[in-house]
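Below is one structure, written out as structure tokens; the observations come after it.
Predicted model only: the values in this text are computed from it and were never measured.
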There are 2 protein chains.
Amino acid sequence: MFSKACEYGLRAATYIAMQSLDGRRVSLKEIADKIDSPIAFTAKILQLLSKNNIVESVKGAYGGFEISRTQMDKLKLSAIVDAIDGDTIYAGCGLGLKECNADKPCPVHSKFVDIRNDLREMLENTSLYEMTAGLEVGLTFLKR
Amino acid sequence: MFSKACEYGLRAATYIAMQSLDGRRVSLKEIADKIDSPIAFTAKILQLLSKNNIVESVKGAYGGFEISRTQMDKLKLSAIVDAIDGDTIYAGCGLGLKECNADKPCPVHSKFVDIRNDLREMLENTSLYEMTAGLEVGLTFLKR
DNA sequence: TTCTAATAGGATAATTTTGTCCGATTTAAG
DNA sequence: CTTAAATCGGACAAAATTATCCTATTAGAA
Ligand code: FES
Ligand code: FES
């Protein structure tokens with residue numbers, strides 16, 4: 001569904017948000033450990049999220065990553081997916097035609113757009129703050 | 001969403017089904033041309049579909065690929081996706097945890113399963129025969 | 001029987017994605 | 001000022017996916 005990079009990005013942002021709620025800035029090392037991701041690869045993804053103003057990065061000693069309380073309310077999952085995977089999910093045709101195009105649709109188009117729209121709506125309506133809700137009380141997990 | 005291989009497989013099977021409706025057995029070359037796919041790669045995919053009894057292959061001169069009328073009614077898109085991409089779509093977690101597991105769900109699990117189930121149902125309920133309907137009358141396309 | 005056109009299948013190559021390494025830079029503490 | 005801990009960023013490496021090439025095999029037709 002999403003690329004590995006995007007999956008790591010979603011998990012990382014969620015973990016940062018959760019810790020930011022407690023006022024804790026977190027390091028790359030801690031993030032990679034808590035979401036079970038390759039550390040150097042995760043660094044690249046966090047750089048990208050930082051450039052897209054999705055997470056805030058602080059360099060130097062005692063630095064790390066954080067997300068402000070107001071940001072994690074406004075920030076939807078779609079922003080993260082857009083930043084990492086681009087619009088392939090929304091624009092791509094289910095059968096792999098160059099782009100999805102209702103004027104010259106592929107045979108699954110009408111059924112596929114419904115599913116894709118549901119996915120899009122879910123991503124656009126789910127905030128990072130919501131993502132943290134179950135995590136804190138141990139109902140949901142970012143690693144097993 | 002699907003791998004390139006799977007997209008080619010779905011398009012190829014659909015084209016074969018459509019031609020089989022007219023009693024025409026089609027060659028690899030024709031298929032690749034009509035669905036705009038790399039010929040040798042498409043050959044691999046058709047081998048796989050043939051081994052999984054999704055298409056029938058006939059070797060030698062005047063050979064090619066075909067799908068019987070009864071088969072294209074029974075055959076659902078899910079069979080093709082299963083054969084090529086396996087169960088990653090159904091079993092995979094939206095955030096990339098090892099497997100999707102309701103007992104230790106990720107933060108998007110509850111929302112994600114609904115979308116994934118819709119996709120699964122669509123694939124399981126759409127027959128290859130249905131796929132050919134719009135194609136013959138020029139309402140849908142396998143290439144642009 | 002021989003020729004020809006087709007799929008089968010193994011080996012290999014190119015590309016993309018994923019992942020690692022290392023030095024540069026930044027920043028706070030001592 | 002020096003040191004230590006952290007991100008940044010470029011180069012590189014590994015793995016997976018996509019794509020190509022070539023030979024073997026098959027089977028119909030002349
Ligand atoms: S054209 Fe294929 S999904 Fe829209
Ligand atoms: S556990 Fe993540 S989608 Fe089910």
Worksheet entry | Comparing A/I39 and B/L46 on DNA chain C - which has the more 5′ nearest nucleotide | B/L46
Response to the item:
Separation of D/dA24 atom C1' from B/Q47 atom CD, nearest Å, is 12 Å
Worksheet item: For the pair made of NZ in B/K4 and C1' in D/dT20, what is the distance, rounded to whole Å?
Response: 17 Å
Practice prompt. Could you tell me whether the phosphate oxygens of D/dG9, OP1 or OP2, come under 4.0 Å of any side-chain nitrogen or oxygen in A/K51?
Written response: yes
Worksheet entry | Atom OH of A/Y129: over 12 foreign heavy atoms under 6.0 Å | no
Worksheet item: Salt bridge check: are A/D33 and A/K29 linked by an N-O gap of less than 4.0 Å?
Response: no
Discussion item. Salt bridge or not between A/K76 and A/E130? Use side-chain N to carboxylate O under 4.0 Å.
Written reply: no
Worksheet item: With the threshold set at 4.0 Å, does a side-chain nitrogen-carboxylate oxygen contact exist between B/E124 and B/R120?
Response: yes
Discussion item. With a 4.0 Å cut-off on N to O distance, would you call B/D118 and A/R116 a salt bridge?
Written reply: no
Item to complete: Specify the separation, in whole Å, of atom CD1 of B/I35 and atom C1' of D/dA19.
Response: 14 Å
Discussion item. Of all nucleotides in DNA chain C that come within under 4.0 Å of a heavy atom of chain A, which is furthest toward the 5' end and which toward the 3' end?
Written reply: C/dT18 to C/dA29
Worksheet entry | Check against side-chain hydrogen bond (donor to acceptor under 3.5 Å, both in side chains), B/S3 and B/D85 | CA-CA 7 Å; B/S3 68; B/D85 279 353; 2.6 Å; yes
Discussion item. I'd like to know if A/R144 pairs up with B/D103 as an ion pair, taking the criterion as any Lys NZ or Arg NE/NH1/NH2 lying under 4.0 Å from an Asp or Glu carboxylate oxygen.
Written reply: no
Discussion item. How many whole angstroms separate atom CG of B/L28 from atom P of D/dT20?
Written reply: 12 Å
Worksheet entry | Carboxylate-amine/guanidinium contact B/E66 B/R25, below 4.0 Å | yes
Discussion item. Using whole Å, what does the distance between atom P of nucleotide D/dT7 and atom CG of A/L49 come to?
Written reply: 14 Å
Worksheet item: A/K29 has an atom NZ; how far is it from atom C1' of D/dA4, in whole Å?
Response: 11 Å
Worksheet entry | Nearest-Å distance for atom pair CZ/C1', residues B/F41 and D/dC21 | 15 Å
Discussion item. Rounded to whole Å, how long is the line connecting atom CD1 of B/I84 with atom C1' of D/dT17?
Written reply: 14 Å
Practice prompt. Flag the pair B/C93 / B/E99 as yes when at least one side-chain heavy-atom distance between them is below 4.5 Å, and no otherwise.
Written response: no
Worksheet item: Quick one: what's the B/S/- string for nucleotides 25-30 of chain D, heavy-atom cutoff under 4.0 Å, read 5' to 3'?
Response: -BBSS-
